[in-house]
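What follows is one structure encoded as structure tokens, with my remarks underneath.
Values in this document were obtained by computation on a predicted structure and should not be read as measured data. In what follows, residues are counted from 1 in the order of the sequence shown.
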Amino acid sequence: MLKKTTFFTGLALAAGLSTAQAADVTLRLAHFAAETHPGHLAAVEFAKNVAARTDGAVAIELFPANQLGSPPEQLEQTILGAVDMNLPTHGGLDKYDRALGTAMTPFAFNSYEHAHAVLDGEFSDWVAPKLEAQGLVMLSHWEYGFRNITNSIKPINSPEDVAGLKLRTPPELQIVAAMEGLGASTTQIAFPELPNALNQGVVQGQENPVGVIYHYNLNDFQEHMALTRHVYNAMIHVVNKDKWDALSANQQRILREESAVAGAMMRASVQAQEADEIAGLKERGMQVTEPDLAPFAALMGDARSRVAEYSGQENMDKFLEFLD
């Protein structure tokens, strides 16, 4: 049975509204974050705040941890209208418009602040109309984090230590290109199947943000983590355009505002927790290295060329303007 969280009934009854009145609009929000992850906690906050500000007229049902399918399946369902809201990454969205893929160019951002400044500004203005053409309205950028490499073989202190490793990646060209640029061989495995693949030795390692490694207990299968921060990931809050157009202007305003509030909450939480999560992984027995990233970035020429070819050179040139 699917686990879902709905936020409207209690608030509505407290205000003296009937359940029927409270359920004027029910929106299903599916995502891939674990229930303990800041992404889901931000979604809970979003749902509560929307319910409160609309007097229960807009209900949000939450389906975390890939309950409604893999991330690509959830996004497709959102475009088709079977799911109302989703929190995909740029790598999921770029299957529908390649311009989105530029945001995952390896070593594009030097800090969280740099990434936020670029993505919240001209980048969002640039890609929002592109997403609407695909049937999605972009509400705001949330967070996911910089990605890091784990493996069960050896510590990573230099790019040479990555060479020859068999690593799982998601089916996103930017990440595949980054890992192959370091000399690893890559295998694309759906995330729900990753723990079993690591346990059985199908792959020797993988890469993900610290929070994912921590909350999904990947340390159970991986002895080493290197803080390579090779690609930045964000969750992007999107809603099916037809469902969006059916909302009142005031409801749309509230959803936009509360999405931004939830995204800011997640950003602060991810950054604040990252050091504690690294410490927690060490306590669980994981060996963590912090290599000099300059030699890693220096090997990304071919990877960046592959991203530019995939995204379109014109799109890449536009993205590089935003970085400056």
Atom CD of Glu290: over 12 foreign heavy atoms under 6.0 Å: no
Between Gln188 and Thr169, a side-chain donor and acceptor under 3.5 Å: yes
Short side-chain donor-acceptor distance under 3.5 Å, Ser140 and Trp142: yes
Derivation and outcome, side chain to side chain contact (heavy atoms under 4.5 Å, CB included), residues Trp244 and Leu139: CA-CA 10 Å; Trp244 177 257; Leu139 299 184; 3.5 Å; yes
Salt bridge (Lys or Arg N to Asp or Glu O under 4.0 Å) contacts touching residues 178-203 (sequence neighbours left out): Glu180-Arg306
Residues that Glu274 engages under salt bridge (Lys or Arg N to Asp or Glu O under 4.0 Å), provided they are two or more places apart: Arg229
Side chains of Asp245 and Gln252, donor plus acceptor under 3.5 Å: no
Ring centres under 6.0 angstrom apart (Tyr144, His37): yes
Sidechain-backbone polar pair: Thr54 side chain, Val58 backbone, donor-acceptor under 3.5 Å: yes
Nearest heavy atoms of Val238 and Leu136, plus distance in Å: CG2-CD2, 4.2 Å
Side-chain (Asn240) to main-chain (Lys243) donor-acceptor, under 3.5 angstrom: yes
Trp126-Phe322 aromatic ring centre distance below 6.0 Å: yes
Gln74 vs His31, side chain to side chain donor-acceptor pair (under 3.5 Å): CA-CA, chis, key distance, verdict: CA-CA 7 Å; Gln74 293 178 55; His31 65 80; over 6 Å; no
For the student: nearest non-hydrogen atoms of Arg147 and Thr228, plus distance: O-OG1, 3.7 Å
CA sep, side-chain torsions, deciding dist, call: Val83, Met85, side chain to side chain contact (heavy atoms under 4.5 Å, CB included): CA-CA 6 Å; Val83 174; Met85 290 181 169; 5.8 Å; no
Hydrophobic cluster membership, Tyr96 vs Leu87, 4.5 Å side-chain cutoff: yes
Ion pair check, Asp84 and Arg28, cut-off under 4.0 Å: no
Electrostatic pair Glu314-Lys318, nearest N-O below 4.0 angstrom: no
Residue pair Pro71 / Asn66: nearest heavy atoms and the distance that separates them: CD-OD1, 3.3 Å
Tyr232-Phe107 aromatic ring centre distance below 6.0 Å: no
Cation-pi geometry met for Arg98 and Tyr310 (6.0 Å, 45°): yes
Evaluation steps, ring-ring contact (aromatic ring centres under 6.0 Å, His included), between His116 and Phe123: CA-CA 10 Å; His116 299 163; Phe123 183 86; over 10 Å; no
Nearest non-hydrogen partners of Phe296 and Pro291, listed with the distance: CE1-CB, 3.7 Å
Side chain to side chain contact (heavy atoms under 4.5 Å, CB included) assessment of Asn217 paired with Arg284: CA-CA 9 Å; Asn217 299 307; Arg284 296 175 187 176; 3.0 Å; yes
N-O pairing of Lys95 and Glu76 below 4.0 Å: no
Residue pair Gln204 / Asn151, side-chain donor-acceptor N/O under 3.5 Å: no
Linked, directly or transitively: Val118 and Met104 (ILVMFWY side chains, under 4.5 Å): no
Leu167 and Gln206: CA distance, side-chain angles, deciding distance, side chain to side chain contact (heavy atoms under 4.5 Å, CB included) verdict: CA-CA 5 Å; Leu167 302 179; Gln206 61 87 56; 5.9 Å; no
Cation-pi check, Arg267 onto Tyr112 ring (under 6.0 Å, within 45° of axis): no
Heavy-atom pair of closest approach, residues Asp24 and Ala57: CB-O, 3.4 Å
Donor-acceptor side-chain pairing of Glu35 and His215 below 3.5 angstrom: no
